Amino acid sequence: MAGKVNDGLRFFWGKARPAGQAEDVTAPTHPLVAHMLDVAAVAVLWPGSSRLGLDRRQLGLLVALHDMGKVTPAFQAKVPAHWPRQALGPLPDTVVDSRHDVDGLILLDRVCADVLAPLFGADADGLEWEADDKAQLWRAVAGHHGQPVAIDETRARTLGHAACAAHARELAGLLLDVFRPPPIPVPSLDQLRQLEWQLAGVTVVTDWIGSRQDWFPYVQPDDVADAAGYFWNHALPRAQHALARAGLGPVTVAPFRGIGHLFAHVQVPSPVQALLEEIALPAGPALVVIEDMTGSGKTEAALVVAHRLMASGRATGLFVALPTMATANAMFDRIAAAYRGLFQPSAHPSLALAHGRALLDPRFAAVVAPDDALDAAAVPQARMEAAEVSCAAWLAGESRRALLAQVGVGTIDQALMAVLPVRFATIRQAGLAGKVLLVDECHAYDPYMQAEMAALLRFHASMGGSAILLSATLTKAVRQKLVAAFRAGLQQEAPVSLSSTAYPLVTLVGCDGMTEQPCAPRPGLARRIAVRQSGSEAAVMVDVVAAAGQGAAVAWVRNTVDDVIATARALAQQGVEAQVFHARFAMIDRLAIERDVLARFGRNSMPADRAGVLVASQVIEQSLDLDFDVLCTDLAPMDLIIQRAGRLRRHQRAARPIDRDEICVLAPAPVDDPDPEWIRRLLPGTAAVYRDPALLWRTARALLRMGTIESPGNVRDLIEAAGDTSITPEGLATASSVATGHGLAAHDAARRNILHHEWGYTPGSGLWEPDIRTPTRLEERPYVTVRLGVLRAGQVWPWAALKDETLAAAHAHRRAWALSEVSVAQGRLASCHVAEDAREAVATARAGWSRWEREADDRFLLLLLTEVEGGAEGRGHNAKGHAVVVRYDNRYGLEVVPAPAG
DNA sequence: AACAAAAAAAAA
């Protein structure tokens with residue numbers, strides 16, 4: 001009879017309740033066979049599985065086999081009380097320890113090879129599966145612990161003769177009998193690579209879902225005596241339920257009916273929006289690059305393309321990637337308002353925010369439904385309809401799972417980790433597979449991240465995915481590189497060369513080539529800003545003071561925090577109380593300043609409040625919608641100067657105290673033959689932050705020559721002129737080439753780190769070593785996270801809890817500490833001093849932190865502050881071991897100064 | 001000699 005479990009097999013356990021968990025469940029363990037079938041059932045029903053191109057019976061069998069390694073004594077002895085003596089006799093005194101994922105691969109690939117042979121077919125010419133190719137499928141299902149596994153030949157010889165070999169063969173035969181799959185045809189190499197990566201992802205996703213005890217209650221060994229019966233009558237119904245609860249039930253995409261159906265507020269589409277509503281998209285996976293001015297409605301235009309790609313069956317969901325958590329949070333709000341329009345009204349797609357701090361965002365936390373809320377049967381109809389935006393708790397709980405939601409918004413890092421050899425990269429791949437990958441602000445990346453981006457586009461295209469890139473302007477070189485990466489993923493090695501310098505511009509890329517489509521700018525958005533160079537700090541200071549005297553809204557963007565603070569102090573001496581804004585504040589204070597700055601200088605600011613000076617670091621460069629009458633800035637690379645200039649006269653205003661379309665750039669004169677000290681003499685900090693002085697020099701020179709920044713008129717020319725490395729003055733050549741070298745090294749480092757799709761899911765596809773942590777961003781120098789605390793009544797309180805009482809509650813603990821953080825260069829502060837009598841209180845406070853934060857005590861510092869006039873003070877040591885005083889001032893932020901002697 | 005902002009970090 002089909003699917004009858006041989007006597008002993010049902011006693012093998014697959015899951016055991018962790019010690020200490022409630023005993024109110026019927027069984028202490030879950031049979032191995034049951035767990036295998038649970039997970040297989042989830043795989044068969046998971047909508048994402050359809051992309052694999054496998055028959056459900058084939059998929060079910062492959063995924064069921066993922067835990068084959070658990071038949072070994074090594075695994076069964078892990079909980080001696082559950083040792084299956086009915087099958088294996090008494091528990092031996094010693095059992096060799098071994099990993100069940102590695103053992104699983106050996107059992108599948110070697111021990112059970114002949115039993116499982118019927119799964120593999122031959123093609124029309126009688127050509128059969130290569131042994132190595134079969135091994136890849138086994139690797140995909142066996143390597144379900146986050147990274148690919150290799151066969152250990154010594155272990156393979158041992159296992160081949162072990163008693164459990166017979167059990168493994170029986171188990172394989174049993175599962176084969178449950179699923180009775182038709183043979184899988186011989187794949188092309190390309191198909192195989194796609195299949196193995198995707199299979200690896202599906203196995204992990206479904207194993208995570210199928211391992212939830214509350215969705216798959218433990219059963220008794222006798223319940224799996226009829227394995228096929230268990231699969232059909234228990235596993236499948238539970239899997240369907242589980243998928244709905246996880247927020248991964250099937251959803252249907254709505255047909256595209258025009259931009260107005262997605263965004264009620266769009267009455268008249270902008271030219272780029274109108275173009276993208278109509279333009280013919282290339283067949284198959286497509287890359288669409290949209291370059292247009294800020295304020296032109298690029299995001300809406302991108303969602304139009306995304307919807308069209310989805311509606312034409314090329315994708316089932318969307319992931320929006322942004323450069324920062326703050327921009328991701330803001331985008332989450334915008335997408336939340338529109339995403340339901342992508343799907344049929346009856347569908348309940350999940351929308352998730354994916355980044356390290358997602359659950360600290362109150363807007364996301366508010367839409368996280370309890371586990372059962374998405375279970376259609378359990379939720380009253382009224383509530384279903386009311387739930388405009390929702391995300392299952394299971395998805396929301398963790399960033400890797402959040403990527404699985406039908407619509408996701410998050411940091412680019414979350415997507416980049418899909419192409420890095422980090423644990424469970426495959427689940428991130430599974431999350432992105434079948435989605436439109438929308439990358440916003442895609443110019444904002446350094447060489448390391450650019451190389452990762454290229455790798456991501458290539459991998460995504462290899463998996464059949466489409467992508468949309470948004471930017472104000474890309475250099476041609478970057479656009480070329482990203483286009484080439486996508487085409488490489490489509491196996492199109494023939495180079496295409498970009499020619500258009502039009503702006504705005506839409507670039508369309510597909511299997512059959514590339515087209516560039518110029519586009520008109522949105523009417524009324526054109527800008528022309530004059531650029532005035534100022535050669536000394538003092539002169540800028542005079543201008544700022546004068547403008548403040550006239551009641552203007554003035555901003556000075558400085559390149560270092562120390563300069564920001566020093567400038568604000570100098571202004572104060574002249575009677576001008578400037579507001580200070582940079583990132584060296586505790587998060588709670590930074591957010592408060594941000595709110596204040598937005599109220600004063602934002603879109604809805606009142607003329608009476610606007611008079612005043614803001615001295616800020618790069619924090620106001622992007623994403624904050626600020627508007628100043630007068631804008632000064634330290635010299636910076638061209639794209640950043642253009643970004644900063646966008647903060648001048650950004651909004652329509654009736655009257656301005658100073659009414660001039662002009663920015664002032666503090667920069668040394670771009671003389672023809674600058675000496676090596678050219679930038680450092682005037683702006684030493686700037687030289688350290690922006691390492692290529694030639695880039696700064698070309699920026700200053702181009703600005704001076706053109707005299708204006710005109711959008712859309714000359715921004716492309718300005719950026720290309722600043723990036724033209726063929727013009728590098730001799731005096732700056734050395735420093736410039738050092739900087740270029742750093743960039744190349746970073747680029748190379750990324751290329752060494754990334755995963756190679758074409759090598760398949762093997763240990764060799766990347767640096768998978770467990771002790772290597774591959775970062776998504778390179779850190780040029782180490783930073784520590786300083787958490788500010790205050791000792792009161794023998795207890796350490798997070799700084800934030802003193803500022804906001806609601807954060808003092810126990811449940812707000814995590815949030816309170818996160819809001820009390822400041823990031824400081826380790827060179828300045830490496831350790832904090834804790835007085836003898838505060839030691840216990842500090843230890844108690846740290847004990848409440850997450851394991852990661854607790855254990856990395858050289859990276860997560862707790863600084864005890866004592867209140868002093870105007871702020872607070874603490875003590876510590878810098879990286880050289882010198883004693884320092886940390887001053888925290890409510891207006892100026894955190895400063896580290898040498899401790900007074902003695 | 002001098003240094004922005006930015007992200008990540010537990011398993012099935």
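Lettering of chains follows the sequences in order, A, B, ..., and the numbering in each one begins at 1. A quick note: this is a predicted structure, and the numbers were derived from the prediction, not measured.
The CG atom of A/L360 sits 13 Å away from the P atom of B/dA9 (whole-angstrom rounding). Rounded to whole Å, the distance from CD on A/E398 to C1' on B/dA11 is 8 Å. Atom CG in A/L403 sits roughly 13 Å away from atom C1' in B/dA8 (whole-Å rounding). Remark: C1' of B/dA8 and CE of A/M449 are 11 Å apart, rounded to the nearest angstrom. Computed from coordinates, the A/H443 NE2 to B/dA6 P distance equals 14 Å when rounded to whole Å. Atom CZ in A/R681 sits roughly 17 Å away from atom P in B/dA1 (whole-Å rounding). Atom CZ in A/R814 sits roughly 10 Å away from atom P in B/dA10 (whole-Å rounding). With rounding to whole Å, A/D440 atom CG is found 15 Å from B/dA6 atom C1'.
A perpendicular orientation is assigned to the rings of A/H66 and A/H35, their planes being inclined by more than 60° (bins at 30° and 60°). Using the six-membered ring where Trp is involved, A/F585 and A/H582 have ring planes that are parallel, under 30° apart on the 30 and 60° scheme.
Candidate nucleotides B/dA11, B/dC3, B/dA7 were compared by shortest atom distance to the side chain of A/F424, and B/dA11 ranks first. When distances run from any side-chain atom of A/V689 to the nucleotides B/dA12, B/dA10, B/dA4, the shortest one goes to B/dA4. Comparing B/dA4, B/dA8, B/dA12 by their nearest atom to the side chain of A/R401 picks out B/dA12. Distance from the side chain of A/R680 is smallest for B/dA1 among the nucleotides B/dA5, B/dA1, B/dA6. Side chain of A/W852, nearest nucleotide from B/dA12, B/dA8, B/dA10: B/dA10. Each of B/dA7, B/dA11, B/dA4 was ranked by its minimum atom distance to the side chain of A/R777; first place goes to B/dA7. The listed nucleotides are B/dA8, B/dA10, B/dA6; the one nearest the side chain of A/M417 is B/dA8. Among the nucleotides B/dA5, B/dA9, B/dA11, the one closest to the side chain of A/R773 is B/dA9. Closest to the side chain of A/R828, from the set B/dA12, B/dA4, B/dA7, is B/dA4.
Taking only side-chain nitrogens and oxygens, A/R558 never comes nearer than 4.0 Å to OP1 or OP2 of B/dA4. For A/S850, no side-chain nitrogen or oxygen approaches OP1 or OP2 of B/dA9 to under 4.0 Å. In this model, the phosphate group of B/dA4 is approached by a side-chain N or O of A/R781 to a distance below 4.0 Å at OP1 or OP2.
Comment: A/R859 does not engage A/E853 in a salt bridge, judged by the lack of any side-chain N to carboxylate O separation of less than 4.0 angstrom.
Side-chain N/O atoms of A/E779 and base N/O atoms of B/dA7 include a donor-acceptor pair closer than 3.5 Å.
If A/R423 and A/Q414 are placed on DNA chain B by their nearest nucleotide, the residue sitting closer to the 5' end is A/Q414. Ranked by how close their nearest DNA chain B nucleotide is to the 5' end, A/A688 and A/R859 are led by A/A688.
Residue contacts shown for A/A583 are limited to sugar-phosphate atoms, with no base heavy atom under 4.0 Å away. Nucleic acid contact for A/V561: sugar-phosphate only, since backbone atoms but no base atoms lie under 4.0 Å from a heavy atom of the residue. A/R428 comes within contact range of the sugar-phosphate backbone alone, with a heavy-atom separation under 4.0 Å but no base atom that close. Counting non-hydrogen atoms under 4.0 angstrom, A/H144 reaches nothing in the nucleic acid.
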Verdict with reasoning, A/E821 to A/T785, per side-chain hydrogen bond (donor to acceptor under 3.5 Å, both in side chains):
CA-CA 6 Å; A/E821 284 177 1; A/T785 300; 5.2 Å; no

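By the neighbour-count criterion of 12 heavy atoms within 6.0 Å, atom NE2 of A/H742 is sparsely surrounded, having that number or fewer from other residues, nucleotides or ligands.
If you check the side chains of A/K15 and A/T29, you find no donor sitting under 3.5 Å from an acceptor.
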